[in-house]
Amino acid sequence: QVQFVESGGGLVQPGGSLTLSCATSTNIARIFVSWYRQAPGKQRELVAVITSGSTTTYADSVKDRFTISRDNAKNTVYLQMNNVKLEDTAVYYCKIPLGAWGQGTQVTVSS
């Protein structure tokens, strides 16, 4: 199964920015990739999707604040997080259909 290694998480203040990355050794150029997140005590939720043609879709809660992008040459997908809010605190994961969950990267928004 394809699995990503997520990175870039950390502590950020409300209103700040952070860029997450997820990389894999598999050629993902023809596969759509999704970012998910799971907050403490909550179910995992879909945050953003990018297709092989770079069409993007976002959850309403992050629309106009987050940007998903991909670099197929590096088999890497990014999530640019701007104007973060307390409720963005979660573990963030990348996944493709039928792929395996990685370890995720923790994002903590706190003042």
Side-chain angles (χ1 to χ4, degrees):
Q1 283 185 310
V2 175
Q3 188 175 51
F4 288 87
V5 176
E6 299 91 350
S7 62
L11 177 64
V12 58
Q13 293 185 339
S17 297
L18 206 59
T19 300
L20 308 182
S21 302
C22 64
T24 180
S25 58
T26 301
N27 185 338
I28 57 168
R30 297 186 178 185
I31 307 172
F32 72 86
V33 181
S34 304
W35 276 100
Y36 294 81
R37 68 185 180 186
Q38 187 166 19
K42 295 188 177 181
Q43 289 188 332
R44 197 168 292 177
E45 64 173 347
L46 180 64
V47 174
V49 180
I50 186 164
T51 68
S52 58
S54 293
T55 298
T56 58
T57 307
Y58 299 93
D60 288 343
S61 59
V62 306
K63 201 172 294 183
D64 298 325
R65 298 189 298 120
F66 290 9
T67 301
I68 187 172
S69 61
R70 64 192 300 159
D71 184 340
N72 290 333
K74 297 181 179 179
N75 293 320
T76 300
V77 177
Y78 304 95
L79 186 69
Q80 173 69 43
M81 306 169 62
N82 295 328
N83 190 24
V84 296
K85 302 178 179 181
L86 296 175
E87 53 264 39
D88 294 324
T89 295
V91 179
Y92 286 73
Y93 304 86
C94 260
K95 191 175 176 298
I96 64 168
L98 302 181
W101 293 103
Q103 293 297 308
T105 186
Q106 174 72 50
V107 173
T108 302
V109 183
S110 175
S111 55

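Between Pro14 and Ser111, the shortest heavy-atom contact is CD-N, 3.8 Å. Residues Ala59 and Leu46 come closest through the heavy atom pair CB-O, 3.5 Å. Closest approach of Val49 and Phe32 over heavy atoms only: CG1-CD1, 3.7 Å. Here the closest heavy-atom approach between residue Ser52 and residue Ala29 is recorded as CB-O, 3.3 Å. Of all heavy-atom pairs spanning Ser61 and Arg37, the tightest one is OG-NH2, 3.4 Å. Minimum interatomic distance between Gln1 and Ala100 (heavy atoms only, all atoms of both residues): OE1-CB, 3.6 Å.
Lys85 has no carboxylate O lying under 4.0 Å from a charged side-chain N of Asp88, or vice versa, which leaves the two without a salt bridge.
For the atom pair OG1 (Thr67) and CG (Asn82), the distance works out to 6.5 Å, reported to the nearest 0.5 Å. Separation of atoms CZ (Arg70) and OG1 (Thr56) is listed at 11.5 Å; rounding is to 0.5 Å. Interatomic distance, OG1 of Thr19 versus OH of Tyr78, reported as 9.5 Å (0.5 Å rounding). With values rounded to the nearest 0.5 angstrom, Arg65 atom CZ is found 10.5 Å from Ser17 atom OG. Distance check: Glu6 CD to Lys95 NZ gives 11.5 Å after rounding to the nearest 0.5 Å. Atom CD in Gln106 sits 7.5 Å away from atom OG1 in Thr89 (nearest 0.5 Å).
Taking Gln38 as the reference, Arg44, Tyr93 meet the side chain to side chain contact (heavy atoms under 4.5 Å, CB included) condition, with sequence neighbours excluded.
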Trace of the side-chain contact (heavy atoms from CB on, under 4.5 Å) decision for Ser21 with Lys74: CA-CA 11 Å; Ser21 302; Lys74 297 181 179 179; over 6 Å; no
Residues Asn75, Ser25; criterion side-chain contact (heavy atoms from CB on, under 4.5 Å); working and verdict: CA-CA 7 Å; Asn75 293 320; Ser25 58; over 6 Å; no
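Through side-chain heavy atoms spaced under 4.5 Å, either directly or across other Ile, Leu, Val, Met, Phe, Trp or Tyr residues, Val62 is tied to Val2, Phe4, Val12, Leu18, Leu20, Ile28, Ile31, Val33, Trp35, Val47, Ile50, Tyr58, Phe66, Ile68, Val77, Leu79, Met81, Val84, Leu86, Tyr92, Ile96, Val107, Val109.
Counted within 6.0 Å of CD on Glu87, heavy atoms from surrounding residues, nucleotides or ligands total more than 12; the atom is thus considered enclosed.
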